[in-house]
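So the structure is just underneath, and the comments pick up after that.
Quick note on labels: first sequence line is chain A, next is B, and so on, each numbered from 1.
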Amino acid sequence: MTSASQLELDLDVFQGPFDLLLAVLLREEISLAEVELGQIVLAYVDHLDETGEMDLEAVTEFLVLIAALLELKSRLLLPGQEDDLELGPQEAADELLARMLEYRRYRDAAAVFERIFEREAGVLYRSAPPPPELRRAALDAAVQAYEPDRLGSALGELLAPPPDPDTAHIRATVSVQRRLGVIREALREGSGVLDFDAAFGREDRFTQAVTLFALLELHRRGEATWAQKDTFGPIEVRGG
Amino acid sequence: MSANGLHPSLEALLFLSSDPVSAAQLAEALEVEEEDVAAALESLESDLERGGRGVRLRRVAGGYTLAAVPEAEDAARRLLAKPRTPPLTHAQAEVLAIVAYLQPVARPEIARIRGVSSDSAVASLTERGMIEERGRSRFGAVTYATTTLFERLFGLSGLDALPDPAQFDPTPEDERELRERLLKAGEQRSE
Amino acid sequence: MSANGLHPSLEALLFLSSDPVSAAQLAEALEVEEEDVAAALESLESDLERGGRGVRLRRVAGGYTLAAVPEAEDAARRLLAKPRTPPLTHAQAEVLAIVAYLQPVARPEIARIRGVSSDSAVASLTERGMIEERGRSRFGAVTYATTTLFERLFGLSGLDALPDPAQFDPTPEDERELRERLLKAGEQRSE
C-alpha cells in the first residue's frame, strides 16, 4: 500500500498519519510554516522502500500534494515578493484544496481520453497514395508553400551539440540512501568540508531535491553541520 | 443535381483522398454548391449507416473521411500485419488532457498542475505526433498544442468537439467530499 | 456464411489495402474458406457495378483492389492537384532537412541523426510526395531522396539552391563531413 494516507509521520510539531496532518493544516491547528516537508518526503520515500510496492495513482496524488504544500510554504516563508499573493493559513488551506481539485479535473479528463483513444484505435482509415495519373497533376499546380531557411535551420539544430542528456527515465533510481553515499564520499575527499552548491553538481531537479533531503538528513543525524559566514554567501557543509 | 446523384463522385473523392476534406473543398472539386455537397454528405452518411456496407462516413479534423467499419478491425490487422498502437499511459493521457483544454500551454504549467515534471510524457506525445511545439509563452517557455493527428486519432471533428470540460468541473459535493476526506482522520482522532 | 454476409468485412479490407490482395489472403484474414471469399467477391463486384457507387472492384495482377469510378477523375484531379501543405512539424522539418542535404539517405541513418525513430515523419512526408524511396543502401536499407514536388513547394530551382548549411553553422562543410558531424551529434543525443 503506497497511499500517502497510510504514512505515519513523526515530526517535531506533529505525530500521526499524513491524512491527519492535512486535516490539522486545513483546520489551521498548526501552521504550514512549522512543518518540515523534507521529513515528510523522506518518510514517504522510506515507506515506499519498505513496502516495495508502487501504486502510481497514490504516488501521483502524494506528489501533487507535496508540490502544492512546498509552493504554499515557500510563499508563506518568503512574503513580500508579490505582496498581493501573501497567504494566510486559511488561504493556504483553500489553495491546497483548489490545487487538488484542479489536478482531479485533468485526471478525470485523462480517464475519458484513454477510453476515447482505446475506442478510436479500432477505427481504421485508408492510407494509400492517389493513383499515379492523379499524382502527376499535383506537380503542375504546386506553388511555393515553405521557406527553404526552415530546412537550413533544422539542419543547424541537428548539428548543434546536444543538450545535457535527459535523465528523466532514470529518476526512479535516485534514492536518499544513494545521495547520502555520494555526499559522504565528497566530504571524505574534501577532508570533511564540502561546498553546499557543489553538492548539487549539475544533476536534474529531482536529484537535486533528493540531494537537499540527504543534506538535511545528515544534519539531523548530526553527521554534518552547515555554516554560512555572510548572508547569501557560500554555505559550507562540515563533517562532524 | 439531387443529393443521391452526387453520391458516386463524393464516394470516389473520399476514397481517393487520404486526408479529411472539407465540404468546401469537395464542392470546389465537384463544381457544385457547398450546400448541395452538405446535403449529399448527409444522405451518403445515412446510406452507409443502413448496414451491409464496409465503410462509414466520419467527420474528423475539420473534414470528412471514410473509415472501415470497426467489425473488420481484427481481420484488417491480420491482413495488413498492423498491430494496434500502444494505449496511452496515465501520464500521457493527463498531459494530453491538459494540452487539449489549455492550449497553447507551456511545460512548467503542465508540471504545476500535475505536481511532477512531465518531460518524458511530453516527449513521447510529441514523438507520437499528438502534440507539437507551438510558439513561446511570454516568459519564453516553449508552448504546446494538439495536432490534427490528435483529432484524427480521437475521431474529433475539431477542437470544439472535445468532451465538454464542464463535466470535469468539481461539483460543490466533490469539493465538500474532498475537504471531508482530508478532515476525516482528524475527526476520528478527536473523538 | 452467405456471400452477402461477407460484404461489409470484404469491402472494408479492400478499402484499407493500398495494394491488390488475393482471395487467399482475404480468406486467411477473414478466417473463412477461399471459395466463400470468391463467391462474395463476385457478388460484391456486381453490387458495385449496379450503379450509385463511387468505386469498382478491379482484378489486377496479384489480386483484387478497389478503384475510383472514372467519372470522378476530373473532380479528383481538381481536388488532389492542389497539394495540401499543412505546416511542417518539428520532426518533419528535421527529417526533410536530413533527406534534402544528405540524399540518398537510409531510414536507420535518419533515426541515428535525430536520436529517435522517425517512421511517422518519413511516412507523412512520403505520403505528401515530398520524399520518395530511391534505391537501397549497400546494407540493403531503403534510401530516400527528395522529389521535384519538394523543390516546387520550397521554391527551389534545384537541389544546389538549398540554403548553405554554413549559414546556420559556423564551420563550412563538404557533404561527407556534414554527414559525419550530423551522425556524431545524433549519437551524443541518443546516449
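For C/A76, the parts lying under 4.5 angstrom from a heavy atom of chain B are both the backbone and the side chain. Proximity to chain C (any heavy atom under 4.5 Å) is shown, for B/L66, by both the backbone and the side chain. Contact annotation for C/A121: neither backbone nor side-chain heavy atoms come within less than 4.5 Å of a heavy atom of chain B.
The line from CG of B/L79 to CD of C/E28 is 9.0 Å long, rounded to the nearest 0.5 Å. In this structure, C/S120 OG and B/L149 CG are separated by 7.5 Å, a value rounded to the nearest 0.5 Å. Of the inter-residue distances, the one linking C/Q25 atom CD with B/L80 atom CG reads 10.0 Å to the nearest 0.5 angstrom. To the nearest 0.5 angstrom, C/L30 atom CG is 7.5 Å from B/R78 atom CZ. The CD atom of B/E127 sits 6.5 Å away from atom OG of C/S118, with the distance rounded to the nearest 0.5 Å. Taking CG from B/L16 and CZ from C/R77, the interatomic distance works out to 11.0 Å, rounded to the nearest 0.5 Å.
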| For C/E11 and B/R53, what are the C-alpha separation, side-chain angles and deciding distance, and is it a side chain to side chain contact (heavy atoms under 4.5 Å, CB included)? | CA-CA 7 Å; C/E11 186 190 354; B/R53 293 294 310 273; 2.7 Å; yes
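Heavy atoms only, all atoms of each residue included: C/G54 and B/A12 are closest at O-CB, 3.4 Å.
Of all the listed residues (B/L44, B/L13, B/T126, B/L26), the one sharing the greatest number of non-hydrogen pairs under 4.5 Å with chain C is B/L13.
Within a 6.0 Å radius of CD in B/E42, other residues, nucleotides and ligands contribute 12 heavy atoms or fewer. No more than 12 heavy-atom neighbours from other residues, nucleotides or ligands sit within 6.0 angstrom of CD on B/E33. Other residues, nucleotides and ligands place more than 12 heavy atoms under 6.0 Å from the CZ atom of B/R134. No more than 12 heavy-atom neighbours from other residues, nucleotides or ligands sit within 6.0 angstrom of CZ on C/R138.
Listed by first and then second residue, the salt bridge (Lys or Arg N to Asp or Glu O under 4.0 Å) pairs involving residues 90-118 of chain B are A/E102-B/R112, B/E94-B/R114, B/R107-B/D119, B/E109-B/R112 (not counting sequence neighbours).
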